[in-house]
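Here the structure is a predicted model, which means the values were calculated and not measured. Here is the naming used below: chain letters follow the sequence lines, and residue numbers restart at 1 for every chain.
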Number of protein chains: 2
Amino acid sequence: MPKLVDHEGRRRQIADAVCRLAEERGLEGVTLRDVAARADVSMGAVQRCFRTKDEMLTFALTYIGERVTTRVSARISESPAQSARTTVGHAATELSLLRQEHRAEARVWLAFLAQATVSRPLAEILRANYTALQEAFTALLAQAAPEADASLEARTLLALVDGLTTHVLIDHISPAAALDVLDHHLCRLWGEPQQ
Amino acid sequence: MPKLVDHEGRRRQIADAVCRLAEERGLEGVTLRDVAARADVSMGAVQRCFRTKDEMLTFALTYIGERVTTRVSARISESPAQSARTTVGHAATELSLLRQEHRAEARVWLAFLAQATVSRPLAEILRANYTALQEAFTALLAQAAPEADASLEARTLLALVDGLTTHVLIDHISPAAALDVLDHHLCRLWGEPQQ
DNA sequence: GTTTCTACGATGCAACTGCATCAGTACGAC
DNA sequence: GTCGTACTGATGCAGTTGCATCGTAGAAAC
């Protein structure tokens, strides 16, 4: 057996390059040549890992989806002793990608979101991610606010978080303002008095 | 004075073609040649109307922004006798582009939204639109729910509507489910009992 | 009818795209 | 060592892109 390469590792390395480029120039600015250069591999290597560009983009979206989901899950499970309500707040904040260091992820996500409206494979990956997120939030909300319609509230929260993220990205509102909105929404959800 | 052409009319005609193409293939599928063909003019005519492709896209975004804003405003002013709360509901529903016939507009809007994260001119047009919408909703909400923080609630409503629209576009939720979420949110905002 | 000037549309062009190809490389088994 | 093979990276190619160019057409002014 001759030279063997860590294929999965290389695919991730390339997906990383895709994300960095998508963040800087948008998804249309992602070309095979630039991806290869950014990932410090040859174009041949990229073509060996992914048969087509579409396959590469699909993998990159799956990759970033897993990263976000993992981070949210981690945030949920790392705060086991807290109340369910606090956990919901933390998870939603994490998901809204408001922190500077996750702004890039948000940009990439939005780029894929737009592309998904005209690409079935991408749309299915996105749908799978959202479904998983919604189930997680529904379960959390069922604990945090037993008297509410957990599924409905989960849909509301996901949509609100996505909208806020988008508005922050285009500088319509500041991250702080987005957090305010989120806090306010959660407080009202808990039925607590709002100041 | 030789042959004169209704420039503004032609620009709108071209912008229409841009929107139809963006809806079908996404913004990356919009090329000068295809736009010209779709608008039933020659490429030369397109180049005469817009010096560069960017200028064309910028105009198209402004154009569609005006269309949406106009429709929302019309919806607001055509129901003068109703309560402020009903008006807010109608306006939000109109803005969420949930009806089948406006799905195309939503797709185009999302395409521009993604592009705006890497294009300053587009981002500024979007920001202007959102600012106008937020002011309108703030004013409405101040009437409809005097005890609430109108500005905060307007930001919430806009983000929620945007998120819902996006989720409908990628088929994560149905238009009916989105309407449910919106209704529920508004009912809670009015402090009414939720069934 | 002639002139004059805008608008037109066909064509050209350099750059770039995704993808295919293929001689060469380097690693591991023997 | 040598050999076979999985891998590499340079190159080729057809198609597309945005933009520039330029001769022509056609509507007003006279």
Peer 1: Are Arg155(B) and Asp149(B) ion-paired here, with the side-chain N under 4.0 Å from a carboxylate O?
Peer 2: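 Looking at Asp149(B) together with Arg155(B), the answer is no, because their closest N to O distance does not fall below 4.0 Å.
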Peer 1: Taking the side chain of Leu32(B) as heavy atoms from C-beta outward, which of dC19(C), dC19(D), dT8(D) is closest to it?
Peer 2: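 That would be dC19(D).
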Peer 1: Among Arg67(B), Arg11(B), Arg38(B), exactly one meets salt bridge (charged side-chain N to carboxylate O under 4.0 Å, His left out) together with Asp16(B). Which residue is that?
Peer 2: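 Running salt bridge (charged side-chain N to carboxylate O under 4.0 Å, His left out) over Arg67(B), Arg11(B), Arg38(B) with Asp16(B) returns exactly one hit, Arg67(B).
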Peer 1: Measure CZ/Arg48(B) against P/dT6(C) and give the value in whole Å, please.
Peer 2: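 It is 9 Å, rounded to the nearest whole Å.
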Peer 1: Can you check the Asp40(A) CG to dG9(D) P distance for me, whole Å?
Peer 2: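 Taking atom P of dG9(D) as the reference, CG of Asp40(A) is at 10 Å.
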Peer 1: Which is true for Val30(B) with a 4.0 Å heavy-atom rule: it touches a base, it touches only sugar-phosphate, or it touches nothing?
Peer 2: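 Sugar-phosphate: the residue Val30(B), judged by heavy atoms under 4.0 Å, touches backbone atoms but no base.
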Peer 1: At what distance, to the nearest 0.5 angstrom, does CG of Leu95(B) lie from CG of Leu160(B)?
Peer 2: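 One finds 11.0 Å between CG of Leu95(B) and CG of Leu160(B).
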Peer 1: Side chain of Arg33(A): nearest nucleotide among dG18(C), dG18(D), dT21(C)?
Peer 2: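 Nearest nucleotide to the side chain: dG18(C).
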Peer 1: In this structure, how many angstroms lie between the P atom of dC22(C) and the CD atom of Gln47(A), rounded?
Peer 2: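 From Gln47(A) CD to dC22(C) P: 14 Å.
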Peer 1: How many whole angstroms separate atom CG of Asp34(B) from atom P of dG15(D)?
Peer 2: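 From Asp34(B) CG to dG15(D) P: 16 Å.
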Peer 1: Check whether any side-chain N or O of Arg10(B) sits under 4.0 Å from OP1 or OP2 of dC8(C), and answer yes or no.
Peer 2: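 The answer is yes; a side-chain N or O of Arg10(B) sits under 4.0 Å from OP1 or OP2.
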Peer 1: Would you mind reading off the distance between Phe50(A) atom CZ and dT8(D) atom P, rounded to a whole angstrom?
Peer 2: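 The answer, rounded to whole Å, is 13 Å.
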Peer 1: Hey, mind stepping through Thr87(B) and Gln143(B) against side-chain contact (heavy atoms from CB on, under 4.5 Å) and telling me if it holds?
Peer 2: CA-CA 10 Å; Thr87(B) 307; Gln143(B) 291 179 40; over 6 Å; no
Peer 1: Which of these nucleotides, dG18(D), dT8(D), dC19(C), is closest to any side-chain atom of Thr31(B)?
Peer 2: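 Taking heavy atoms from C-beta onward, the closest nucleotide is dG18(D).
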Peer 1: Whole-Å distance between dC13(D) P and Met43(A) CE?
Peer 2: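 Roughly 15 Å, once rounded to whole Å.
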Peer 1: Answer with base, sugar-phosphate or nothing: what part of the nucleic acid does Val46(B) contact at a heavy-atom distance below 4.0 Å?
Peer 2: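 Here Val46(B) touches no strand at all.
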Peer 1: For Arg188(B) and Glu153(A), what are the C-alpha separation, side-chain angles and deciding distance, and is it a salt bridge (charged side-chain N to carboxylate O under 4.0 Å, His left out)?
Peer 2: CA-CA 12 Å; Arg188(B) 179 165 45 202; Glu153(A) 295 300 350; 2.8 Å; yes
Peer 1: Between Ala45(B) and Thr52(A), which residue's closest nucleotide on DNA chain C lies nearer the 5′ terminus?
Peer 2: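 Result of the comparison: Ala45(B).
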Peer 1: Starting from C1' on dT8(D), measure out to CD1 on Ile14(A) and report it in whole angstrom.
Peer 2: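 Checked: the CD1 to C1' distance equals 13 Å.
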Peer 1: Nearest whole Å is fine: how far is dG18(D) P from Leu27(B) CG?
Peer 2: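 For the pair Leu27(B) CG and dG18(D) P, the rounded distance is 11 Å.
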